Student: 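Okay, here's the structure, questions in a sec.
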Amino acid sequence: MKVHNFNAGPSVLPKEVLKKSAQSVINFNDSGLSLLEISHRSIDFLEIIEKTTLLVKRIMNLNDDYAILFLQGGATLQFSMVPYNLMNQKAAYLDTGFWAHNAIKEAKKFGEVIVLFSGKNKNYTYISKNYHIPCDMDYFHCTSNNTIIGTQMKIFPQTSTPVVCDMSSDILSRKLDFSQFSLIYASAQKNISSAGMTIVIVKKDILGKFKKTIPSYMDYKIHIQNNSILNTPNVFSIYTSMLTLEWIENQGGLSILEEQNQYKAKLLYDEIDKNHLFENKIHKENRSNMNVSFFLKEKNLELEKEFNKICKKENIVGLDGHRYLGGYRASIYNALPLESVQFLIEIMKKFEKKFS
Ligand code: PMP
């Protein structure tokens with residue numbers, strides 16, 4: 001059965017990745033054992049960590065100044081792990097949406113937070129470029145893609161302050177100069193793998209700058225010393241991320257994926273802009289290429305029910321907007337085929353013809 005999966009996360013993964021990871025659960029590398037039955041300290045698993053680390057560095061063009069960690073606790077844990085490790089006195093944050101707001105809330109437990117821009121009074125529909133980072137900040141934190149509302153930062157500030165970025169919903173979707181970031185974190189369940197693992201990419205020289213007692217699991221340095229196996233990691237998610245990274249290289253890397261993602265997003269935004277029944281509320285220059293939010297122009301429960309019914313009948317899943325926002329959201333991550341976007345557009349066209 002063909003299903004068009006627009007879920008925001010956990011979300012669509014490449015079919016070949018799913019096949020290989022499923023196979024590894026039954027019989028890992030012809031060992032007669034499941035991946036889930038081997039020690040996380042075995043040579044076989046250490047090889048997976050090593051290979052996944054190399055792939056991240058190669059694909060993102062990062063050198064050995066960076067450590068790659070595979071942690072648990074989601075991006076949510078990073079909201080406090082970042083200030084625990086990096087905040088001495090104060091840090092600057094951009095408040096660009098629900099998750100950025102949560103990151104700020106946690107950071108305030110560790111010191112002073114300076115919010116340089118908040119999109120809250122405009123319902124987070126745009127991201128300002130006009131902010132200035134004061135020079136006495138321990139770090140600057142931003143969210144590259146705001147999964148719920150569907151905005152994306154297209155440029156990042158040039159600054160000598162360490163830049164920390166939550167890339168949970170657009171990591172590996174476009175080519176960037178990743179060396180402009182001192183720390184990147186991303187939970188895996190969108191563009192990388194199954195839920196339960198967070199990739200942290202950290203420039204080692206920003207750590208240990210001031211004296212602080214940090215609980216072991218919260219301490220990046222301890223994870224680096226322990227090669228991500230301080231405790232038992234999420235072996236399945238790490239293995240699956242290795243397969244996804246291999247898939248990305250086989251697709252031709254980030255430039256190719258970026259082109260495909262831009263193309264898919266443009267098709268869908270063009271349709272929303274043309275369609276008399278739907279609208280997108282995001283400022284054009286901030287529209288996300290990963291999460292496309294849209295609403296019926298006029299609130300009409302009957303129409304809403306009709307559209308939901310058609311989507312269900314056509315096996316279009318995961319299109320409901322976030323519980324805080326309502327409306328619709330098409331998450332069009334790397335692994336979502338172009339064909340699914342084209343299919344959704346056809347359905348929107350037919351819907352318009354019938355009801356406008
Ligand atoms: N940041 C962003 C941008 C997200 O989209 C999400 C999850 N959707 C989170 C943080 C929280 O991630 P987790 O549930 O893995 O903690």
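Heads up: numbering here begins at 1 and tracks the sequence. It should be emphasised that the depicted structure is a prediction, and the values quoted were computed from it without experimental measurement. For ligands, and for the atoms within them, numbers begin at 1 and follow the listed sequence.
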Student: Can you tell me how far OG of S228 sits from CD1 of I199, rounded to the nearest 0.5 angstrom?
Tutor: 9.5 Å
Student: According to side-chain hydrogen bond (donor to acceptor under 3.5 Å, both in side chains), who are the partners of N145, at least two apart in sequence or on a separate chain?
Tutor: S169, S288, N291
Student: More than 12 non-hydrogen atoms from neighbouring residues, nucleotides or ligands closer than 6.0 Å to OH on Y217, yes or no?
Tutor: yes
Student: Considering residues at least two apart in sequence or located in another chain, which fulfil the ring-ring contact (aromatic ring centres under 6.0 Å, His included) criterion with H4?
Tutor: F343
Student: Check ligand 1 for close polar pairs with the protein: N or O on both sides, less than 3.5 Å.
Tutor:
from: ligand 1; atom 1: 1 (N); to: D166; atom 2: OD2; distance (Å): 2.6
from: ligand 1; atom 1: 5 (O); to: W99; atom 2: NE1; distance (Å): 3.4
from: ligand 1; atom 1: 5 (O); to: T147; atom 2: OG1; distance (Å): 2.5
from: ligand 1; atom 1: 8 (N); to: K190; atom 2: NZ; distance (Å): 2.9
from: ligand 1; atom 1: 12 (O); to: S187; atom 2: OG; distance (Å): 3.4
from: ligand 1; atom 1: 15 (O); to: A75; atom 2: N; distance (Å): 3.4
from: ligand 1; atom 1: 15 (O); to: S187; atom 2: OG; distance (Å): 3.2
from: ligand 1; atom 1: 15 (O); to: Q189; atom 2: NE2; distance (Å): 3.1
from: ligand 1; atom 1: 16 (O); to: A75; atom 2: N; distance (Å): 3.2
from: ligand 1; atom 1: 16 (O); to: T76; atom 2: N; distance (Å): 2.9
from: ligand 1; atom 1: 16 (O); to: T76; atom 2: OG1; distance (Å): 2.5

Student: Would you check if F70 and V200 make a side-chain contact, meaning some heavy-atom pair closer than 4.5 Å?
Tutor: no
Student: By the ring-ring contact (aromatic ring centres under 6.0 Å, His included) test, which pairs, at least two apart or in different chains, include something from residues 5-39?
Tutor: F28-Y239
